[in-house]
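To keep things clear, I will list the structure first and then write my remarks on it.
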Amino acid sequence: MLSQIVSALGVVVGAVIACSAYFYFSNKILDLALPVKDGDIRAASRNLNRRALVRPWLFIGPALFLLIVYLVYPVVATFILSFYDRAGLQFVGLANYKWALGDREFRQSIFNNILWLAVVPAACTFFGLVIAVMTDRIWWGNIAKSIVFMPMAISFVGASVIWKFIYEYRGGNDVQIGLLNAIVQTFGGTPEVWISIPFWNNFFLMIILIWIQTGFAMVILSAALRGIPEETIEAAVIDGANGWQIFWRIMVPQIWGSIAVVWTTITILVLKVFDIVLTMTNGQWQTMVLANLMFDWMFRGGGDSGRSAVIAIIIMLAVTPIMVWNVRRANRELKGH
């Protein structure tokens, strides 16, 4: 453990030193390459202008390089690979895309992803908003917010392990240690293997992500609610508005931008959901989603590069419009201010 901590600190300190050295020496080299001499005013002015043009690229150059290497190149390479066979050697045209359209498991994954998109962002945003409003009205609101936010500190795999104990099923006459089955048994019901029930098991998996992400939604929306001018609420109260009307007609319209941010952020996360499904069911019992199907085809039968690349492209195509819309909306808000 100690060696890992020392290694991590070494990497952090080394990275800071390397970045500082890069910016320092690159500036020095630029100044030497484009000197400013007192004797030649025209040359000095020209070199100063050139420095101003080059210097920003020195600063953003490493970031652009890493962006190209780790983002642009993989996207292009994946797109090209989607037109090749399982080994990535023989060009097969649109064969992999035709397979995707005709494959039952792929269609099931699309359906499950749509189901996740319809439920999880809406539920997280709704519960986050309700909790944010309610906790602002009680003296122990900060304690409640801390408790709701705690799952955000847990990894998806860790959260899945926790909820596995909640959904745990013991057959025969064994005592039910799963919380849900214990409650059902207490009220005279029959214990079930909840995560193996087709269609409904998707909702049991969604609860895990909702549990994790509600804290994120609550924090963002709580900050937005604090920014609502008190005068508007006081005016609504004077006009005779009740709490429900104040919430829907005064608060929600004024924080709609923050609601959209929370919704789209969780939507993108849902499209990439992987860990929860892998840990809980590994895609069994009709719970497969696109990210897990891509991972599955990367290793199934030795791996199929073409089919996994097609699924990756489809996920990227689904995510991109949401990201573009979110960025454009943020730009409009910035210009509006």
Side-chain angles (χ1 to χ4, degrees), residues 3-83 88 152-153 216-217 219-224 226-227 254-269 271-272 291 309 312-337:
S3 62
Q4 292 175 336
I5 294 173
V6 172
S7 176
L9 288 174
V11 170
V12 172
V13 173
V16 172
I17 293 173
C19 290
S20 301
Y22 166 78
F23 290 122
Y24 177 79
F25 287 109
S26 62
N27 274 296
K28 283 291 184 182
I29 293 171
L30 180 63
D31 292 341
L32 291 173
L34 299 172
V36 178
K37 297 179 180 179
D38 295 334
D40 191 343
I41 297 177
R42 293 182 62 186
S45 177
R46 184 172 59 251
N47 285 344
L48 282 172
N49 290 332
R50 288 175 178 174
R51 284 186 189 180
L53 290 173
V54 174
R55 203 180 305 276
W57 292 102
L58 289 176
F59 291 156
I60 67 173
L64 283 176
F65 174 76
L66 293 175
L67 189 67
I68 292 170
V69 170
Y70 291 105
L71 184 62
V72 178
Y73 170 73
V75 170
V76 175
T78 302
F79 180 71
I80 294 172
L81 196 60
S82 67
F83 296 102
M152 280 288 295
F216 162 76
V219 169
I220 301 298
L221 297 175
S222 180
R226 295 287 178 87
Q254 293 192 69
I255 63 168
W256 186 249
S258 298
I259 293 174
V261 168
V262 170
W263 194 296
T264 53
T265 302
I266 297 176
T267 297
I268 293 170
L269 180 66
L271 284 169
K272 300 184 296 179
I313 290 296
I314 290 170
I315 294 173
M316 285 187 284
L317 289 175
V319 170
T320 301
I322 302 170
M323 294 182 66
V324 170
W325 177 83
N326 208 17
V327 170
R328 292 183 65 181
R329 188 199 56 77
N331 287 335
R332 284 198 302 269
E333 286 191 1
L334 288 173
K335 290 177 181 178
H337 290 298

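Surrounding OH of Tyr73 are at most 12 heavy atoms belonging to other residues, nucleotides or ligands under 6.0 Å away. Counted within 6.0 Å of CZ on Phe59, heavy atoms from surrounding residues, nucleotides or ligands total more than 12; the atom is thus considered enclosed.
Rounding to the nearest 0.5 Å places CG of Leu71 at 11.5 Å from CG of Leu64. How far CD1 of Ile268 is from CH2 of Trp263: 14.0 Å, rounded to the nearest 0.5 Å. For the atom pair CG (Leu32) and CZ (Phe25), the distance works out to 11.5 Å, reported to the nearest 0.5 Å. In this structure, Ile29 CD1 and Tyr24 OH are separated by 11.0 Å, a value rounded to the nearest 0.5 Å.
Taking every heavy atom of both residues into account, Ala217 and Val262 meet most closely at CB-CG1, 3.5 Å. Considering all non-hydrogen atoms of both residues, Leu58 and Tyr22 come closest at O-OH, 2.7 Å. Nearest approach of Ala309 to Thr78, heavy atoms of both residues: CB-O, 3.5 Å.
Between Asn27 and Arg51 the shortest side-chain heavy-atom distance does not fall below 4.5 Å.
A search for salt bridge (Lys or Arg N to Asp or Glu O under 4.0 Å) contacts involving Arg50 returns nothing, not counting sequence neighbours.
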